[in-house]
Amino acid sequence: MAMIIDGREISLLVKNEIKEKVEELKKRGKEITLAVIQVGDNPASTVYVRNKKKACEYTGIRSLSYELPEETSEEELLALVEQLNERPDVNGILVQLPLPPLMDEDAVIRAISPLKDVDGFHPQNVGNLCIGQPGFVSCTPLGVIELLKRSGVSIAGKKCVVLGRSNIVGKPMALLLLRENATVTVAHSKTENLKEVTQEADILVVAVGRPGMVTGEYVKEGAVVIDVGINRDENNKLCGDVDFDTVEPICGAITPVPGGVGPMTIAMLLHNCLESVEREKYEVS
Ligand code: GUN
């Protein structure tokens with residue numbers, strides 16, 4: 001029987017630790033504020049944004065909500081980001097993706113001050129991660145590392161395979177595992193003999209966005225399997241990229257969907273908000 005890695009339970013531990021730190025900061029007169037921007041009304045984004053705001057509320061982080069209509073121009077969005085960059089009372093800025101098709105996502109991400117980029121998407125923060133310098137790190141891969149550590153899974157020296165090479169998950173995931181001294185392979189849709197590659201993994205992180213793609217045949221006995229996928233199956237039920245029913249009997253530990261990586265992403269966003277303040281080296285005057 002595989003160990004089920006409970007992301008809800010672990011994220012609650014993380015959130016409670018953050019809540020305490022936020023309270024301490026408040027006692028010293030410092031409030032943390034996250035600005036959350038959503039453009040349009042993509043239903044999935046609306047759910048994510050609502051959950052992020054709820055988590056802020058739970059931990060005592062103030063959230064400012066900007067719900068802009070679908071027709072908002074890129075210039076208007078950039079002007080808002082610029083205004084938030086300048087506001088000393090705003091510590092973090094999050095622009096929910098995807099943006100409407102006519103907007104240049106890269107330009108919007110680049111417009112966010114790297115010091116307030118709690119999503120860790122700005123090229124400066126990505127570059128810092130790449131060369132081992134401090135900076136914000138993308139929340140989902142950061143959450144995966146936290147899940148592994150808090151579940152007692154050792155990473156150093158292990159063979160890790162990351163399936164997927166997106167900028168938000170796959171690439172930063174590989175860099176974070178490398179930072180933890182793993183031996184890392186990044187596999188993707190063009191990888192030859194994919195099953196042979198994934199079967200080598202002691203830790204397999206799957207982030208491909210294809211429901212149930214990774215079946216038992218892809219997995220080595222006793223491996224730790226982390227499922228980053230959030231998809232809807234033919235019955236509109238949430239499901240991951242891993243076929244839980246065929247993988248669970250083989251692997252040593254696995255994250256469920258829902259209730260695995262998802263809750264950790266939000267917990268690490270709050271962690272990054274807290275870090276944004278700690279980076280200011282706030283001192284009581
Ligand atoms: N859309 C899907 N995931 C994310 C995320 O982590 N951050 C933002 N800003 N948008 C997303």
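Order of appearance sets the numbers: ligands from 1, and atoms from 1 within every ligand. Bear in mind that the values here come from a model prediction, so they are computed numbers and not experimental data.
Per-residue contacts place V95 under 4.0 angstrom from the following atoms of ligand 1 (heavy atoms of the residue considered): 8 (C), 9 (N).
Only the side chain of F121 comes within 4.0 Å of ligand 1, judged by heavy-atom distances. The parts of L97 lying near ligand 1 are both backbone and side chain, judged by heavy-atom distances below 4.0 Å. With a heavy-atom cut-off of 4.0 Å, K52 touches ligand 1 through its side chain alone.
Counting heavy atoms of neighbouring residues, nucleotides and ligands inside a 6.0 Å radius, atom NZ of K15 exceeds 12 of them.
Under the side chain to side chain donor-acceptor pair (under 3.5 Å) test applied with D202, the options K159, K220, K158 reduce to a single match, K220.
Distance check, rounded to the nearest 0.5 Å: CD1 of I226 to OG1 of T255 gives 5.0 Å. Residue R210 holds its CZ atom at 12.5 Å from SG of C239, rounded to the nearest 0.5 Å.
A salt bridge is absent between E20 and K26: the closest approach of a Lys/Arg side-chain nitrogen to an acidic carboxylate oxygen does not fall below 4.0 angstrom.
Between D119 and ligand 1, at least one pair of N/O atoms sits closer than 3.5 Å. Looking at P98 next to ligand 1, no N or O pair under 3.5 Å apart turns up. For T265, no nitrogen or oxygen atom sits less than 3.5 Å from a nitrogen or oxygen atom of ligand 1, counting backbone and side chain alike.
Among protein heavy atoms, the minimum distance from atom 11 (C) of ligand 1 is reached at Q96 NE2, 3.3 Å.
Under 3.5 Å, the side chains of N16 and Y58 contain a donor-acceptor pair of N or O atoms.
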